[in-house]
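See below for the structure under consideration.
A quick note: this is a predicted structure, and the numbers were derived from the prediction, not measured. Numbered from 1 within each chain, the chains take letters A, B, ... in sequence-line order.
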There are 2 protein chains.
Amino acid sequence: MGKTKKITIQDVARHANVSVGTIDRVIHNRGKVSPAKREKVEEAIKELNFNPNLLARTLALGNRFTICALIPSTPYPGHYWSIPTQGIDVAAAQFNDYGIVVEYYYYDLFDETSFVKQAGNILNASPHGVIMAPLFLQESKTFTEKLKKKKIPYIFIDADLPGGNSLSYIGPDVKRSAFIAGKLLNSVLPENSEILIVNMVKGFENAAALRRIEDGFREYFQNKGLEKERPIQVLTISSTHKETVFRELTKFYIRNSSVKGVFVTNSKSFLVSEYHRQHELDIRVVGYDLVEDNAHHLKTGGIDFIISQGPFQQGKRAIQTLFDYFVFKKEPEKIQHVPLDIIIYENLDFYISFNRLFMNETKDTIT
Amino acid sequence: MGKTKKITIQDVARHANVSVGTIDRVIHNRGKVSPAKREKVEEAIKELNFNPNLLARTLALGNRFTICALIPSTPYPGHYWSIPTQGIDVAAAQFNDYGIVVEYYYYDLFDETSFVKQAGNILNASPHGVIMAPLFLQESKTFTEKLKKKKIPYIFIDADLPGGNSLSYIGPDVKRSAFIAGKLLNSVLPENSEILIVNMVKGFENAAALRRIEDGFREYFQNKGLEKERPIQVLTISSTHKETVFRELTKFYIRNSSVKGVFVTNSKSFLVSEYHRQHELDIRVVGYDLVEDNAHHLKTGGIDFIISQGPFQQGKRAIQTLFDYFVFKKEPEKIQHVPLDIIIYENLDFYISFNRLFMNETKDTIT
DNA sequence: AAAAAAAGTGTGTGCGCACACACTTTTATG
DNA sequence: CATAAAAGTGTGTGCGCACACACTTTTTTT
């Protein structure tokens, strides 16, 4: 009872009256095998329900796969990009023994040249696969074309590059996420409230993505026939620094006092919330990404909703997708949209703890 | 560049001028090793950043761990319990080569005796670990006490057993989930609407859990001072069959026509939604669990919110927790609360697809 | 019909580690 | 000071698989 013995190629060999060499030839469809024996072996495999042991195979093959991760650096501990990085770390640790080696190539979120430089470094390293956040449109295109020439597969996370020929895109459906933001914000707004969309970007790189976010957001109100009742304005700030953001917000609010809801299109909604708090403004806020600062403002009520795009899962899934591609030659889905988690004060804790609890475990075992 | 060589105990042995046997003794802290060499070895391990290869270790040890899963059977394909089962399947496949063998012992959700019988079977099988959904209070207690005597660790999923001495509980914070249900339902209700809580249970087994759900739900309205404005009634139906549920709903609604919102405390909210549709009632519904039928009613608008308690993750995490416990002797957190996902029409698809996409991969590679 | 080529099959080694065992050196014991 | 006991150390085998290679049998070529 319950003695599910391990079936090995030895067992199959014995059962089919051949040697392990023949089993090997049949499994990998190589070398020469007489039709009679081939059939006998295939029969035996089915009968015994033989599954090759991946551990032994990996050990015997001894091959290594290097993956380069081209992602933004984490300027301070609670920063957004620390989360995908953790996801990558966890998966990397899990697959380390299978020969997966992950190397990070960090670039500066606000500096294209750092991106280009690191991209060059990756090309020199000639890894087996690449994970990247293609946040700079043109530079990313240049890079991926070179990767394609070298036949190095690459996966996009966080943002997609339309027509980028990636092995897979793992990230949010941004238009949909903005649509949800609209729905959520609308649900907490009194009648006849004006709405403000706050963008914080340095240049024009993300223009296309921002466009889709705005579209998605507006679409909700159009679908509900609320365009008139909820006028939407847009404020684009070319910085994420507190002082600049505050100054721009002031410049806006002193001219627009009837705004009752704000949608922040990046992970910095806590800045807006903090501004509201300091100036005693009762304005509802919806934003992205469950970073520590946002969690704090969710708790104090300054932020009403945070939409989280499974950043941890993005990193983890990216590694796993490449692993499956390397080891099992499994073609992944071209688009893997992550769940858009709706985070409120009441369910916040669980999202933070559930993955963190486990990370420690994994890390301990590796170190 | 990037030539991260695999460091083996051989490398360490050479570096420390000892044999692999000594390395082994140091790593496992067994046998006799002179202090001088021990230090040299430890030094070498650190210097080379040696990490034992889990694959090779597993292969050499060759031990097997059997895990029995005592969970409700899946009466029809889209049933709730098919999802945790899938999570278990995925993790089982992943750890299969590590010697983890999972055996299912299904019981009937509405039949205590089937639970007891399967529990007995598990005791006979004497597995290394158990995963169970302790849905029958008394029977579960009896069972876990026997497990404790046999020193077999067990993990609860889906529901906790207070003071049950489990290795870990992986599931929702039910009170909190109900609180969230209150918040969500309230957000879509007009002023002065009555609310109905619908329970569907056979006996009195789940009485304690139901109590906590009701408490959590009511707590929201109390905290907001809405007890008066939103009277809450409770309807408990002792069946999940459509006909019975419909009959009981009719009996209730013909006497209570001012109910505008319903909170269904199990995964069958689609039944209530269907009833509303057939009888053209404009009543809002909040329920649990993203089963297929609920997804469908979310899409048609008959259900407004579904709270999902990561059923897939529950199964997966349970296996992984036992694996870490067996292999790394890692004591898990006693309580691992899963995220309480708020599912609406707009983000439903991603929750369904994200895990499903990957399940196929894993299954293909194993079969 | 002999030689060469091809087809078919088995054996042996190593991947990195755990563990049993043999062996040598030191210490304790009478 | 001999001898038993303990401490300290190295070697060899196997886990399940991949792969190189040697070997035998059959088929093709001249």
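- With sequence neighbours left out, the ring pair (Phe, Tyr, Trp, His ring centres under 6.0 Å) criterion links B:F350 to A:H337.
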Show me, pair by pair, the donor-acceptor contacts under 3.5 angstrom made by side chains of residues 27-34 of chain A, not counting sequence neighbours?
{"unit_1": "A:H28", "atom_1": "ND1", "unit_2": "A:D24", "atom_2": "O", "d": "3.2"}
{"unit_1": "A:H28", "atom_1": "ND1", "unit_2": "A:D24", "atom_2": "OD1", "d": "3.3"}
{"unit_1": "A:H28", "atom_1": "ND1", "unit_2": "A:R30", "atom_2": "NH2", "d": "3.3"}
{"unit_1": "A:N29", "atom_1": "OD1", "unit_2": "A:R38", "atom_2": "NH2", "d": "3.3"}
{"unit_1": "A:R30", "atom_1": "NE", "unit_2": "A:D24", "atom_2": "OD2", "d": "3.3"}
{"unit_1": "A:R30", "atom_1": "NH2", "unit_2": "A:D24", "atom_2": "OD1", "d": "3.0"}
{"unit_1": "A:R30", "atom_1": "NH2", "unit_2": "A:D24", "atom_2": "OD2", "d": "2.9"}
{"unit_1": "A:S34", "atom_1": "OG", "unit_2": "A:K37", "atom_2": "N", "d": "3.4"}

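- Side-chain atoms of B:S166 never come within 3.5 Å of backbone atoms of B:I155 as a donor-acceptor pair (strictly under, hydrogens ignored).
- The side chain to side chain donor-acceptor pair (under 3.5 Å) test applied to A:N53 returns no partner, not counting sequence neighbours.
- Using a 4.0 Å heavy-atom cutoff across all strands shown, A:R38 reaches no nucleic acid atom at all.
- Every ring pair (Phe, Tyr, Trp, His ring centres under 6.0 Å) that A:H128 has, sequence neighbours left out, goes to A:F65.
- In this structure, the ring pair (Phe, Tyr, Trp, His ring centres under 6.0 Å) partners of A:Y107, at least two apart in sequence or on a different chain, are A:F115, A:F136.
- Heavy atoms of other residues, nucleotides or ligands lying less than 6.0 angstrom from CD of A:E47 number more than 12.
- Within 6.0 Å of NZ in A:K117 there are 12 or fewer heavy atoms belonging to other residues, nucleotides or ligands.
- At whole-Å resolution of the value, CD in B:Q10 and C1' in D:dT11 are 11 Å apart.
- Distance B:R14 CZ to D:dT11 C1': 16 Å, rounded to the nearest Å.
- Rounded to whole Å, atom P of C:dA18 lies 6 Å from atom CD1 of B:I27.
- Between B:V18 and A:L54, the one whose closest nucleotide on DNA chain D sits nearer the 5' end is B:V18.
- Contacts of B:K150 classified as side chain to side chain donor-acceptor pair (under 3.5 Å), with partners at least two apart in sequence or in another chain: B:S126.
- A close approach under 4.0 Å does not occur between any side-chain nitrogen or oxygen of A:T22 and OP1 or OP2 of C:dG8.
- If you measure from atom OH of B:Y98 to atom C1' of C:dC17, you get 14 Å, rounded to the nearest angstrom.
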Distances under 3.5 Å between protein N/O atoms and the N/O atoms of nucleotides 13-16 of chain D, please, pair by pair.
{"unit_1": "D:dC15", "atom_1": "O2", "unit_2": "B:A60", "atom_2": "N", "d": "3.3"}
{"unit_1": "D:dG16", "atom_1": "N2", "unit_2": "A:A56", "atom_2": "O", "d": "3.3"}

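- We find that CD1 of A:I23 is positioned 11 Å from P of D:dA18, with the value rounded to whole Å.
- Qualifying ring pair (Phe, Tyr, Trp, His ring centres under 6.0 Å) partners for B:F95, counting only residues two or more places apart in sequence or in other chains: B:F323.
- Taking the screw axis at each terminus of the helix from C:dA1-D:dT30 to C:dG30-D:dC1 from five consecutive base pairs, the angle between the two is 50° to within rounding of 10 degrees.
- Residues B:Y325 and B:E331 meet the side-chain proximity criterion, which asks for heavy atoms closer than 4.5 Å.
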Output a table of nitrogen or oxygen pairs between the protein and nucleotides 20-26 of chain C separated by less than 3.5 Å.
none

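- The local environment of NZ in A:K334 is crowded, with over 12 non-hydrogen atoms from other residues, nucleotides or ligands closer than 6.0 Å.
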Report all interatomic pairs (protein N or O, nucleotide N or O of nucleotides 5-7 of chain D) with separations under 3.5 Å.
{"unit_1": "D:dA7", "atom_1": "OP2", "unit_2": "B:K32", "atom_2": "NZ", "d": "3.2"}

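- As rounded to whole Å, 13 Å separates atom C1' of C:dC17 from atom CD1 of B:I45.
- Under the rule for a side chain to side chain donor-acceptor pair (under 3.5 Å), the partners of B:N121 that lie at least two apart in sequence or sit in another chain are B:Q118.
- Taking only side-chain atoms of B:V20, from C-beta outward, the nucleotide of C:dT9, D:dT11, D:dT9 with the closest atom is D:dT11.
- Considering only the side chain of B:S19, D:dT9 comes nearest among D:dC19, C:dG8, D:dT9.
- Under the 30°/60° scheme for interplanar angles, the aromatic rings of A:F156 and A:Y154 are found to be tilted.
- Distance NZ (B:K40) to C1' (D:dT9): 13 Å, rounded to an integer number of Å.
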